[in-house]
Amino acid sequence: MVAVKVTSTNSLFSSASPCVVFFIVIAFVLSSAVLCDGGKTGVYARKPEKTGDMPLHSDVFRVPSGYNAPQQVHITQGDHVGKAVIVSWVTQDEPGSNTVVYWSENSNGKRKAEGKVKTYKFHNYTSGYIHHCIIRNLEYNTKYYYMVGDGDSIRKFRFTTPPRVGPDAPYTFGIIGDLGQTFDSNSTVAHYEQNPKKGQTVLYVGDLSYADNYPNHDNVRWDTWGRFIERSVAYQPWIWTVGNHELDFAPEIGETTPFKPYSNRYPVPYVESKSTSPFWYSIKRASAYIIVLSSYSAYGKFTPQYQWLQQEFPKVNRTETPWLIVLMHAPWYNSFNYPFMEGETMRVIYEPWFVKYKVDVVFSGHVHAYERSERVSNVAYNVVNGICTPVKDQSAPVYITIGDGGNMDGLVSNMSEPQPTYSAYRESSYGHAIFDIKNRTHAHYSWHRNHDGNPVEADSMWFFNRIWHRVDESSVSQ
């Protein structure tokens, strides 16, 4: 873009040639983005300094009142089809009640479900009593209330089950990744809660508490994070994906079991999808089929994750669940210079399946910025043939990197220049996204930037389903 120094608008236009005037007009028209060889790069500039973690005495970390009151309450889907919910919470002083009392909005009768309790140790930390309880055989599209705790410390929450699995069931997902517990994290959660598009379930793409960034992987920060997000995740399911900050692998302090804190705190319904590990699994929700993968577990040929995914894709019935969504932490397509090619080996192995089965969209985190790709693939590349440039492919997914929740590491701003042709939009900002499924053919996607304390919709597109409405979605065609 041509830079123009403006001192007096009237004198400038009166003395300038028509060519100069043309460039001035173009500069103003394009003030919201920079055009590159690829798509657009947002030019919104955040304040350069990072906001730190919220202090431990912050209101968002407040322990609920009452002796042994349940805290860190959170829910996720508890089966494969959306008729069950896993309720989890922590009691600090003693185990207390392990019962969930629940009832539907229009019911007079209350039911009970019994859960299990566990604890774990990590270095010099001992957890509170962690409860997990599955509520089964719920009705679709129904509001439920539930209570946990005993005596004066009972706490009450609510959730709404999804509609019955079917091709035209509308549903709205929020997407968040790499959240952490900074002041920016708080803005992201607040903006998601206030979004008028009203996400019904969060697809979370990994890196939760960032406890491993503290000395000795301070697991107190797992507790504070659980209290911080309770305001959302106690009322709607968050669908979990593991990231590198969930590994908590620290042999220098005697901790050699990967994912220990995460595994004890955040259960998922992996058995229902015939997975052998909670780090990769699938669920159906409304008209979507969601596959969750682990970037930090073995995924090469003959590994359990590979064998599971090889069998999983053919099971997806696009007449029942037309929208096929994949979650993973490390992105495959990324034009930011850090991290570099971390997802490349997984891409080489799995991308042919993604194209064959026409995955609609892949959500990833890890890169602390935002980026949306065109529909491209690189399946022709075999290292030795030199064909290493992604090409337009309408059978391929759109790849969206949304590792911009607000983490303590700050934003990544170093981008590849010129912008690659596969990159449709990118920006070094914090925010969240909404994927709003309308029916079997159309879904609307939008990314909402944390803009000087306010949420701003900065990027959006209409998705046309790969099976039911084959339309070229590339930016140049719109």
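Just so it is clear, the values below take in all heavy atoms, side chains as well, and ignore hydrogens, waters and symmetry mates.
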Visitor: May I ask you to decide if P339's main-chain N or O and N334's side chain share a donor-acceptor pair within less than 3.5 Å?
Guide: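 Between the backbone of P339 and the side chain of N334 there is a qualifying donor-acceptor contact (under 3.5 Å).
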Visitor: Count the heavy atoms of every other residue, nucleotide or ligand shown that sit under 6.0 Å from NZ of K315, and state whether that count exceeds 12.
Guide: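 It does: K315 NZ has more than 12 such atoms within range.
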Visitor: Can a donor-acceptor pair be found, under 3.5 Å and without considering hydrogens, that links the side chain of N216 to the backbone of D218?
Guide: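 Pair absent, no side-chain N/O of N216 close to backbone of D218.
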Visitor: Quick test of your reading of the model: are K197 and E457 salt-bridged, counting only N-O distances below 4.0 Å?
Guide: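 A salt bridge is present here (some side-chain N lies under 4.0 Å from a carboxylate O).
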Visitor: Checking D79 side chain against E272 main chain: does a donor-acceptor pair fall under 3.5 Å?
Guide: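 Not a single qualifying donor-acceptor pair exists.
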Visitor: Looking at CE of M461 and CD1 of I400, how far apart are the two atoms once the value is rounded to the nearest 0.5 Å?
Guide: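 One finds 7.5 Å between CE of M461 and CD1 of I400.
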Visitor: Do the side chains of E230 and R227 get close enough for a salt bridge, i.e. N-O under 4.0 angstrom?
Guide: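 Between R227 and E230 there is no salt bridge, as every charged N stays at least 4.0 Å from the carboxylate O atoms.
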Visitor: Report yes or no: do T99 and K112 form a side-chain donor-acceptor pair below 3.5 Å?
Guide: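 K112 and T99 do not have a side-chain donor-acceptor pair below 3.5 Å.
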Visitor: Under 3.5 Å, is there a donor on one side chain and an acceptor on the other for S127 and N264?
Guide: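 No, because no side-chain N or O of S127 sits under 3.5 Å from a partner of the opposite role on N264.
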Visitor: Looking at S185 and L179, would you say the former's side chain and the latter's main chain have a donor-acceptor pair under 3.5 Å?
Guide: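 Here the side-chain-to-backbone pair exists.
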Visitor: Can you check whether Y67's main-chain N or O pairs, donor with acceptor, with S153's side chain at less than 3.5 Å?
Guide: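 Pair found, side chain donor or acceptor close to backbone of Y67.
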Visitor: Using only atom types and a distance under 3.5 Å, with no angle test, would you say the side chain of S273 pairs donor to acceptor with the backbone of S282?
Guide: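 Yes: the side chain of S273 pairs with the backbone of S282.
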Visitor: Are F173 and F435 near enough that their ring centres are under 6.0 Å apart?
Guide: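 No: the rings miss the under 6.0 Å criterion.
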Visitor: Say whether H366 and H329, considering side chains only, have a donor N or O and an acceptor N or O under 3.5 Å apart.
Guide: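 A donor-acceptor contact under 3.5 Å links the two side chains.
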Visitor: Determine whether the aromatic ring centres of F157 and Y146 lie less than 6.0 Å apart.
Guide: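 Close enough - the centres of the two rings lie under 6.0 Å apart.
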Visitor: Do NZ/NE/NH1/NH2 and the carboxylate oxygens of K40 and E374 come within less than 4.0 Å?
Guide: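 No salt bridge links K40 with E374.
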Visitor: Would you check if the distance from the ring center of Y266 to the ring center of H74 is below 6.0 Å?
Guide: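 Yes: the rings meet the under 6.0 Å criterion.
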Visitor: Roughly how far apart are I239 CD1 and T201 OG1, rounded to 0.5 Å?
Guide: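 Output value for this atom pair is 6.0 Å.
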Visitor: Using a 3.5 Å distance criterion without hydrogens, assess whether the side chain of Q181 forms a donor-acceptor pair with backbone atoms of R221.
Guide: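 Side chain of Q181 to backbone of R221: a pair is present.
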Visitor: Picking from Y192, F363, W240, Y262, what satisfies ring-ring contact (aromatic ring centres under 6.0 Å, His included) with Y204?
Guide: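 Going through the options one by one, the only one that passes is W240.
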Visitor: Could you tell me the separation between the CZ atom of F340 and the OG atom of S416, rounded to the nearest 0.5 Å?
Guide: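 The distance works out to 7.5 Å.
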Visitor: Closer than 4.0 angstrom, basic N to acidic O: yes or no for R231 and E193?
Guide: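 Counted as a salt bridge, because a side-chain N and a carboxylate O are separated by less than 4.0 Å.
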Visitor: Check S294 against V242 and note the closest heavy-atom contact, atom names and distance.
Guide: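 Where S294 meets V242 most closely, the heavy atoms are OG-CG2, 3.5 Å.
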Visitor: Between the side chain of R155 and the main-chain N/O of P70, is any donor-acceptor distance below 3.5 Å?
Guide: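 Confirmed, R155 side chain pairs with P70 backbone.
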Visitor: For the side-chain contact (heavy atoms from CB on, under 4.5 Å) test, which of I291, I290, V361 pairs with L324?
Guide: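 The single option meeting the side-chain contact (heavy atoms from CB on, under 4.5 Å) with L324 is I291.
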Visitor: Are Y370 and D459 linked by a side-chain donor-acceptor pair shorter than 3.5 Å?
Guide: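 Present: a donor and an acceptor within the cut-off.
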